[in-house]
Protein chains: 2
Amino acid sequence: MPDGCSVEAAFEILVGKWKPVILFHLFKHETMKFTELHKAIPDITKKMLTAQLRELEYHDIVHRKIILQIPPKVEYSITEYGKKLRPLLQAINDWGMSHAAHMNELYGIEKSKSE
Amino acid sequence: MPDGCSVEAAFEILVGKWKPVILFHLFKHETMKFTELHKAIPDITKKMLTAQLRELEYHDIVHRKIILQIPPKVEYSITEYGKKLRPLLQAINDWGMSHAAHMNELYGIEKSKSE
DNA sequence: CGGGATCCACTCCGATACTG
DNA sequence: CAGTATCGGAGTGGATCCCG
């Protein structure tokens, strides 16, 4: 099965529950410090933020720049290679939005998750 | 956060570990019976196959046609709406493939997952 | 400040067995 | 044949504490 399988490979990199949000912020701000990211996504724990960032770094999607000084500082940014992801993410996002509208047509607006 | 969040919504529908493969087969064969799908994806259990199919059905991506007879038969097919997913899946797949090549450049071919 | 280590809770998935 | 119900394991994410 040559085709349709790299989809899962792609998902392994993009899923992870927090990666889309992290990438979203990084695409917007170009460069963000660890703390800025953490404040932008308050619900994430430091552990998870670090873990997801490390994975993205491994996949050459984000770059980690360490600034040694007394209050240590680390800046994260999207790599040139990582920027290629943008149209794909955008396409997925567009589909997600239009699909939400489609679901709305079919079932009506569901606010609470049934009772 | 209006943007970059529908990505996760889209993932909820497309991820699930088996959905891409199921969709892949369905896109190829137009119409498949439950057993055919099961034979096409031997590793999946009946429980999972049913569950994933039901979710896709709920999201109006696949259609379930029940043929009542003594050996019961059910045919699954992609809906018209579901066909819109094809280019998206293709794009994700393309990126996954090119990314695999990129990883190969960076780290070389890794066959075993390091002992 | 950035991030690693440990422990725990929860969810997802597989194996098996049963039903219509 | 198509599908459901139950159980149990594995993997994932969260809270907390500790280290540079």
Side-chain angles (χ1 to χ4, degrees), chain A residues 5 7-26 29 31-59 61-78 113-114, chain B residues 5 7-23 25-26 29 31-59 62-77 113-115:
Chain A
C5 260
V7 175
E8 300 177 37
F11 280 163
E12 284 180 29
I13 295 144
L14 300 176
V15 178
K17 183 180 184 184
W18 293 110
K19 294 205 190 75
V21 202
I22 293 172
L23 290 173
F24 169 70
H25 286 287
L26 246 24
H29 293 85
T31 283
M32 293 182 81
K33 302 185 193 63
F34 186 88
T35 314
E36 291 177 334
L37 266 170
H38 201 183
K39 277 187 287 191
I41 315 169
D43 289 340
I44 200 175
T45 60
K46 286 186 296 181
K47 172 192 176 181
M48 284 314 297
L49 184 52
T50 304
Q52 310 279 325
L53 246 11
R54 294 282 249 156
E55 284 181 44
L56 292 171
E57 184 195 3
Y58 174 81
H59 287 284
I61 293 167
V62 306
H63 176 67
R64 177 145 141 263
K65 184 180 178 184
I66 306 150
I67 303 163
L68 265 322
Q69 51 182 55
I70 289 309
K73 195 173 296 184
V74 180
E75 287 183 349
Y76 291 93
S77 55
I78 303 278
K113 55 182 74 175
S114 70
Chain B
C5 262
V7 175
E8 301 177 36
F11 281 162
E12 284 180 30
I13 295 144
L14 300 177
V15 179
K17 183 182 185 183
W18 293 109
K19 295 204 190 76
V21 202
I22 293 172
L23 291 173
H25 286 287
L26 245 24
H29 293 85
T31 283
M32 292 182 82
K33 301 186 193 64
F34 185 87
T35 314
E36 292 177 334
L37 265 170
H38 201 182
K39 277 188 288 191
I41 314 168
D43 289 341
I44 198 174
T45 60
K46 286 184 296 180
K47 173 189 175 181
M48 283 315 297
L49 184 52
T50 304
Q52 310 280 320
L53 246 11
R54 296 282 249 157
E55 283 181 44
L56 291 170
E57 184 194 3
Y58 174 81
H59 287 285
V62 307
H63 176 67
R64 177 146 142 262
K65 184 179 177 184
I66 306 150
I67 303 163
L68 264 324
Q69 52 183 55
I70 288 308
K73 194 173 295 185
V74 181
E75 288 183 349
Y76 291 94
S77 55
K113 54 181 76 175
S114 68
E115 87 251 21

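Being a predicted model, the structure only gives us computed values, none of them experimental. Quick note on labels: first sequence line is chain A, next is B, and so on, each numbered from 1.
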On DNA chain C, nearest-nucleotide positions of B:I70 versus B:I44: which is more 5'? B:I44

As a test of reading the structure: which of D:dG14, C:dG4, C:dA15 is closest to the side chain of A:R54, going by heavy atoms? C:dG4

Hey, what's the ring geometry for B:F11 with A:F11, parallel, tilted or perpendicular (30° and 60° as the breaks)? perpendicular

Is the shortest distance from a Lys or Arg side-chain nitrogen in B:K39 or B:E36 to a carboxylate oxygen in the other one below 4.0 Å? no

Mind checking B:K73 for me? I need base, sugar-phosphate or nothing, with any heavy atom below 4.0 Å counting as a touch. sugar-phosphate

Between A:L49 (CG) and C:dG3 (P), how many Å, whole number? 8 Å

Out of the candidates A:I41, A:I44, A:L26, only one should pair with A:V21 under the side-chain contact (heavy atoms from CB on, under 4.5 Å) rule; please name it. A:I41

Winner on side-chain proximity to B:K46, out of C:dG14, C:dC1, D:dG3, is D:dG3

Heavy-atom pair with the smallest gap, counting every atom of B:E12 and B:E55: O-OE1, 4.5 Å

Closest to side chain of B:R64, choosing from D:dG3, D:dC1, C:dG3: D:dG3

Distance in angstrom units between A:K47 NZ and C:dG3 P, rounded: 15 Å

note: A:I22, atom CD1; D:dG13, atom P; distance rounded to Å ~ 11 Å

Quickly work out the B:F11 CZ to C:dC12 C1' distance and round it to whole Å. 18 Å

Measure the distance from CG on A:L53 to P on C:dC1 and round it to the nearest whole Å. 17 Å

note: A:E12, atom CD; D:dG11, atom P; distance rounded to Å ~ 13 Å

Donor-acceptor check, side chain of B:H29 to backbone of B:H25, threshold 3.5 angstrom: yes or no? yes

Residue A:P72, side-chain heavy atoms: nucleotide from D:dG3, D:dG14, C:dC1 that is nearest: C:dC1

Given D:dG14, D:dT4, C:dC13, identify the nucleotide with an atom nearest to the side chain of A:M48. D:dG14

Rounded to the nearest angstrom, tell me the gap between atom CG in A:D43 and atom C1' in D:dA15. 14 Å

Rounding to an integer number of Å, can you tell me how far A:K19 NZ sits from D:dG13 C1'? 12 Å

Assign each of A:Q52 and B:V74 the nucleotide of DNA chain D bearing its closest heavy atom; nearer the 5' end lies the nucleotide of B:V74

Assuming nearest nucleotide by heavy-atom distance, tell me which of B:W18 and A:I66 is located more 5' along DNA chain C. A:I66

